[in-house]
Amino acid sequence: MTVKWTKIGSNFVSGYQIQYSTSSEFKNAKKVTVKGASTVSKKITKLKANTKYYVRVRTYSDISGTKKYSSWSKAKTVTTK
């Protein structure tokens, strides 16, 4: 599965965090961190076939070693093949 998002035009964005789960409430969700504000996609592998996944994205800023996160985007559904 390849997750794509729109680049945020802010100087404070250090990267993005992707969360995905088979539960719409994101129970037992896995997170992937993508460094770099200019990156706009990430390929996620080792997923179960014929399974519905819920995916959401948020930005983070790394200020003085402390990460600050934005709120999550709306969840999108993806069914693997």
Inset, instruction - Kindly say whether Ile63 contributes a backbone atom to a donor-acceptor pair with the side chain of Ser61 at under 3.5 angstrom? - result: no
Legend entry - Minimum heavy-atom distance between Arg58 and Lys31, given as atom pair plus value: NH2-NZ, 4.2 Å
Inset, instruction - Measure the spacing between NZ of Lys81 and OG1 of Thr79 and express it to the nearest 0.5 Å. - result: 10.5 Å
Inset, instruction - Taking all heavy atoms of Lys48 and all of Tyr53, pick out the closest pair and write down the distance. - result: N-OH, 3.0 Å
Legend entry - Single-linkage hydrophobic cluster Val57~Met1, side-chain heavy atoms < 4.5 angstrom: yes
Inset, instruction - Could you state whether Leu47 and Ile18 fall into the same hydrophobic cluster, counting links through intermediate Ile, Leu, Val, Met, Phe, Trp or Tyr residues with side-chain heavy atoms under 4.5 angstrom apart? - result: yes
Inset, instruction - Could you check if a side-chain atom of Tyr69 sits within less than 4.5 angstrom of a side-chain atom of Thr59, using non-hydrogen atoms only? - result: no
Inset, instruction - Give a yes or no on whether the backbone of Asn28 and the side-chain of Ser21 come within a donor-acceptor separation of less than 3.5 Å. - result: no
Inset, instruction - Indicate, with yes or no, if Val55 and Trp72 share a hydrophobic cluster defined by side-chain heavy-atom contacts under 4.5 Å among Ile, Leu, Val, Met, Phe, Trp and Tyr. - result: no
Inset, instruction - Is it possible for you to say whether Val3 and Val78 belong to one hydrophobic cluster, with membership spreading through side-chain heavy-atom contacts below 4.5 Å? - result: yes
Inset, instruction - Output yes when a side-chain donor or acceptor of Thr51 lies under 3.5 Å from a complementary backbone atom of Ala49, and no otherwise. - result: yes
Legend entry - Heavy-atom closest contact (Lys7 atom, Val40 atom, distance): CB-CG1, 3.7 Å
Legend entry - Polar contact flag, side-chain donor to acceptor under 3.5 angstrom, Thr2-Ser41: no
Legend entry - Side chain to side chain, Lys30 and Ile44, heavy atoms closer than 4.5 Å: no
Inset, instruction - Sequence neighbours left out, what pairs pass ring pair (Phe, Tyr, Trp, His ring centres under 6.0 Å) with at least one residue falling in residues 2-30? - result: Trp5-Tyr16
Inset, instruction - Considering non-hydrogen atoms only, spot the tightest contact between Gln17 and Thr33 and give its length. - result: NE2-OG1, 3.9 Å
Inset, instruction - Quick one: pull up OH in Tyr54 and OG in Ser24 and give me the separation to the nearest 0.5 Å. - result: 5.0 Å
